[in-house]
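To keep things clear, I will list the structure first and then write my remarks on it.
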Protein chains: 2
Amino acid sequence: MAAGSIDRRVARTRRLLQAALFELTTENGYAAVTVADICARADVGRSTFYTHYPDKDSLRKTAIEEHLDVMRAMAGARDSQPSAGGFVFSGPAFAHADATRTMHLAMLGGKKHEIPEEVRGWIDRQVRHELADMARQGAIRLDAATHFVVGAFLEVMHWWLDEETQLSPAAVDQLFQSLAFEGMSAVLAKPHDVHGKGHD
Amino acid sequence: MAAGSIDRRVARTRRLLQAALFELTTENGYAAVTVADICARADVGRSTFYTHYPDKDSLRKTAIEEHLDVMRAMAGARDSQPSAGGFVFSGPAFAHADATRTMHLAMLGGKKHEIPEEVRGWIDRQVRHELADMARQGAIRLDAATHFVVGAFLEVMHWWLDEETQLSPAAVDQLFQSLAFEGMSAVLAKPHDVHGKGHD
DNA sequence: CCGATACTGGACATCATGTCTAGTATCTTA
DNA sequence: TAAGATACTAGACATGATGTCCAGTATCGG
């Protein structure tokens, strides 16, 4: 009767349920996934599901929270470093997302764009924090800039994970940061391509 | 039996259903709204609903499509004008959104961020079209820039509609375009606030 | 005024949710 | 390895939302 969930069965069940949710979310979008679907995919009894989580949202929330812990740790480690004129959070985020592509795509809602509140909230705090450090300004201006960057970041991340862009994490980050700091003008001016690839 | 829906009863019912959907979406988010809720709010029989629309999504889609027609018309009218180094679509969009605040907020999913595919698609095409006109470049670079701007725009729009920012449509648009074209650096550098251009 | 059309409430089948129970499998640890 | 604790399981159940259908009633347009 130890404290945590050391029991193999518990760990196994939760792992299977999480994986199933990620797969199904990526395939059909979060809204379309039912608890029965998840259990079928995970090969777990439906009643078992409810002994672990009260509902579908809770499963997702827990899964996301666990992974945000990883991100938090990474961000925390770099927090003391001076920001050399760019965002600190985005690089690690792109890199980590690349490593766990499926899960991150699921976290953004799969093909559909169903970004959970926790994710948006976390990005929002990162951006706001970093922007506030860069320059002191009016609340409205900071708000606008924050929302601007959050929206742009999530959309670029989603696009990059969903499409087969062949871009390395570092390359997207560079592109993202250029767009964010220099704006359209600078990026559009440059004539050279990053990497050739047709579109759909 | 003329072509359109000249019958008063039909027009009335659809109008009521649309309005009810907008209200409820703004209040509780789109996902939480049920068909029964809509009918109750609109004071319309539930069976009547299904004689007009096959489901909830269809009602939203129709409503959105109708309003996108308005936007399309506005955009089309300005399409021939030369773009003086900025986006053409955003100004009218902010202005029109201001005029029909509730409906637009509902179109973005209410408090929650549940942006329907049609809206995202329309913005995407606007942005891509305008960006492509500004400079010729690789597909990836254009893709990235497009998604960047789309995400930023939708998020800023949502924030502006949701919060009581006191910013006039013109002011948000200016702020948005500054961020988009000059980037963070330029906007954050300026010490003065935008405040004072409120509109009520 | 009258025929056509739209609205209505209610019945119905279907499906997903969440709870509960009694029985079975598996873990831990003594 | 045996025993007690704990997790899993299938299935029944109540609830609520969906979408279909129908017969009766109100309202429209000509």
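The structure displayed is predicted, hence computed values, not measured ones. Just so we're on the same page: letters track the sequence lines, and every chain starts at 1.
Classification of B/Glu65 and B/Arg60 as a salt-bridged pair fails, no side-chain N sitting under 4.0 Å from a carboxylate O. Comment: B/Asp57 does not engage B/Lys61 in a salt bridge, judged by the lack of any side-chain N to carboxylate O separation of less than 4.0 angstrom. At a threshold of 4.0 Å, the pair B/Arg128-B/Asp143 counts as salt-bridged, since one of the basic side-chain nitrogens sits closer than that to a carboxylate oxygen.
Rounded to 10 degrees, the angle separating the terminal axes of the helix from C/dC1-D/dG30 to C/dA30-D/dT1 is 40°, with each axis obtained from five end pairs.
The listed nucleotides are C/dG18, C/dA6, D/dT20; the one nearest the side chain of A/Asp55 is C/dG18. For B/Arg46, counting side-chain heavy atoms from C-beta on, the closest listed nucleotide (D/dC8, D/dT18, C/dT8) is D/dT18.
To the nearest angstrom, P of C/dG18 lies 8 Å from CZ of A/Phe49. Going from atom CZ of B/Arg12 over to atom C1' of C/dC7 covers 10 Å, rounded to whole Å. Distance A/Leu16 CG to D/dC8 P: 10 Å, rounded to the nearest Å. Rounded to whole Å, atom P of C/dA11 lies 17 Å from atom OH of B/Tyr50. D/dT18 atom C1' lies 18 Å from atom OH of B/Tyr53, rounded to whole Å. In this structure, A/Ile38 atom CD1 and C/dG18 atom C1' are separated by 14 Å, rounded to whole Å.
Non-hydrogen atoms lying under 4.0 Å from DNA chain C are contributed by A/Thr34, A/Val35, A/Ala36, all within residues 30-37 of chain A.
Summarising the local packing, CG of A/Asp43 is surrounded by 12 or fewer heavy atoms from other residues, nucleotides or ligands at distances under 6.0 Å. Counting non-hydrogen atoms of other residues, nucleotides and ligands closer than 6.0 Å to CZ of B/Arg72 gives a total above 12.
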Contact letters for nucleotides 23-30 of chain D, in which S counts primed atoms plus P, OP1 and OP2 and B counts the base, heavy atoms under 4.0 Å: ---BBSS-
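Sequence order on DNA chain D of the closest nucleotides to A/Asp43 and B/Ser47 puts A/Asp43 first from the 5' end.
Side-chain contact check for B/Trp160 versus B/Arg101: some heavy-atom pair is nearer than 4.5 Å. At a threshold of 4.5 Å between non-hydrogen side-chain atoms, the residues B/Ile64 and B/Trp122 do not count as touching.
Side-chain N/O atoms of A/His52 include one lying less than 4.0 angstrom from OP1 or OP2 on D/dC8. The phosphate of D/dA7 (OP1 or OP2) has no side-chain N or O of A/Thr51 nearer than 4.0 angstrom.
Judged purely by distance below 3.5 Å, without hydrogens or angles, the side chains of A/His104 and A/His96 pair a donor atom with an acceptor atom. In summary, the side chains of B/Ser90 and B/Gln177 do present a donor paired with an acceptor at a separation below 3.5 Å, with no hydrogens or angles considered.
Of all the heavy atoms in B/Tyr30 and B/Lys56, the pair that sits closest is O-NZ, 3.1 Å.
Not a single donor-acceptor pair under 3.5 Å links the side chain of A/Asp98 to the backbone N or O of A/Ala95.
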